[in-house]
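Working notes for the structure below.
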Amino acid sequence: MALDATSPGLSEEQAGTYAPEQSLPVACLLSMSGGFLDVFAWLSFGGVFANSQTGNVVFLGMYAASEQWHQAAHHVPPILAFLAGASAAVFIRAPLLCLAGEIACLTLVMLVLHRFAEPIPIVAISFGVALQTASFRQVERWKYLSVTVTGNMLRAVEQLALVPDREALHGARTMLAVCLMFLLGTAIGGWMTMRLGTGGLAVPIGLLASALWLCCRGRGRCQS
């Protein structure tokens, strides 16, 4: 997915001051959670992604082409849930509320919904992930996604190749940091899921709660 440059003309951004939800620590926490949840979903729900709808679309097309309709249908619910969550986030336009919504969805899955048959758990996770993904799309001056690394790596390369100056180097480091946190999340997700199962969801819940706390604290400072 192509990532557009951040909107120009904002005096706060030009001065180097950003909204709390656009800070690098928040982006890193969200990206780590994103990596964790993709591995968790893949291991827990038979090879279905919660975040990476690109992966779901690939498998949907592959299984449909080979007429394995049951396997293909397995990837449809998270895609639809992600679209519904993203639509809700765009309509609500309240990033912190959407982040709280994702925390609520994951908590429900960990405590209750994991007992239900599929696709109920994965639908709840994908819906919650989409709420957050559609609401948090900028880190400092740069667009990013917390549920993938492809676009973020492309942004890092663009910063290094197109505008080789100090600011571009900072942008590249920012994007690479987000990618590394996603990788760390996948590693932790695999380790925790294989040992704790659904209980491992406490990790992304904690990461998201920390991001929410940072945003609330930052907004409180801005208002004081």
Side-chain angles (χ1 to χ4, degrees), residues 1 3-38 41 50-53 77-113 120-148 151-152 155 174 178 181-182 185 201-224:
M1 179 180 294
L3 299 179
D4 298 328
T6 186
S7 300
L10 297 178
S11 59
E12 287 187 354
E13 293 179 357
Q14 291 173 349
T17 302
Y18 308 95
E21 55 266 30
Q22 296 172 356
S23 69
L24 180 58
V26 168
C28 287
L29 289 169
L30 298 182
S31 296
M32 186 184 295
S33 171
F36 187 109
L37 289 173
D38 251 353
N51 300 349
S52 178
Q53 302 312 316
I79 295 173
L80 297 179
F82 193 92
L83 289 172
S87 299
V90 171
F91 177 78
I92 295 171
R93 295 186 180 276
L96 301 193
L97 180 61
C98 288
L99 184 54
E102 182 185 16
I103 294 171
C105 288
L106 296 182
T107 302
L108 281 173
V109 172
M110 184 176 69
L111 298 179
V112 179
L113 296 183
I120 293 176
I122 189 66
V123 163
I125 295 175
S126 293
F127 182 85
V129 166
L131 287 175
Q132 175 257 112
T133 305
S135 301
F136 292 79
R137 299 183 61 188
Q138 183 168 322
V139 52
E140 297 183 2
R141 292 188 59 225
W142 298 276
K143 296 293 185 180
Y144 84 110
L145 287 175
S146 60
V147 295
T148 184
N152 298 332
R155 174 62 66 197
T174 299
V178 169
M181 294 305 286
F182 187 93
L201 284 175
V203 173
I205 290 171
L207 293 170
L208 296 170
S210 298
L212 181 60
W213 177 78
L214 287 175
C215 292
C216 292
R217 186 185 69 167
R219 287 194 173 190
R221 288 180 174 178
C222 291
Q223 293 173 0
S224 61

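What you see is a predicted model, and the numbers here were worked out from it, not measured in a lab. Positions are given from 1, in the same order as the sequence printed here.
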Quiz item: What's the shortest heavy-atom distance between Phe182 and Thr148, and which atoms?
Solution: CE1-N, 3.8 Å
Self-check item: Heavy-atom pair of closest approach, residues Gln132 and Ser146
Solution: OE1-OG, 2.6 Å
Quiz item: Does Ser135 reach the side chain of Leu99, with side-chain heavy atoms less than 4.5 Å apart?
Solution: no
Practice problem: Please round to the nearest 0.5 Å and tell me the distance separating atom CE of Met181 and atom SG of Cys28. | Solution: 5.0 Å
Quiz item: Would you say Tyr144 and Leu30 make side-chain contact, with heavy atoms under 4.5 Å?
Solution: yes
Quiz item: Taking the side chain as C-beta and beyond, is there a heavy-atom pair between Leu37 and Leu201 under 4.5 Å?
Solution: yes
Quiz prompt | Spacing of NZ belonging to Lys143 relative to CG belonging to Asn152, to within rounding of 0.5 Å | solution = 12.5 Å
Self-check item: Any donor-acceptor pair under 3.5 Å from Gln138 side chain to Glu140 backbone
Solution: yes
Quiz item: Given side chains that start at C-beta, do those of Leu113 and Val123 come closer than 4.5 Å, heavy atoms only?
Solution: no
Exercise. Identify the heavy atoms of Leu208 and Leu106 that sit nearest to each other, and give their distance.
Key: CD1-CD1, 3.5 Å
Quiz item: Atom CH2 in Trp142, atom OG1 in Thr174: separation rounded to 0.5 Å?
Solution: 5.0 Å
Quiz item: Taking all atoms of both residues into account, what is the closest heavy-atom pair of Leu131 and Gly85, and its distance?
Solution: CD2-O, 3.5 Å
Quiz item: If only atom types and distance count, is the side chain of Asn51 paired as donor or acceptor with the main-chain N or O of Ser126 below 3.5 Å?
Solution: no
Self-check item: Distance in Å, Arg137 CZ paired with Glu21 CD, rounded so as to fall on 0.5 Å steps
Solution: 14.5 Å
Exercise. Could you tell me whether the side chain of Ser87 and the main chain of Leu83 form a donor-acceptor pair under 3.5 Å?
Key: yes
Practice problem: To the nearest 0.5 Å, tell me how far Ile205 CD1 sits from Cys105 SG. | Solution: 10.5 Å
Self-check item: Point-to-point distance, once rounded to the nearest 0.5 Å, from CZ of Phe136 to CG of Leu145
Solution: 13.5 Å
Quiz item: Any side-chain heavy atom of Pro78 sitting closer than 4.5 Å to one from Gln53?
Solution: yes
Exercise. State, yes or no, whether a side-chain contact exists between Val26 and Pro20 at a heavy-atom distance under 4.5 Å.
Key: no
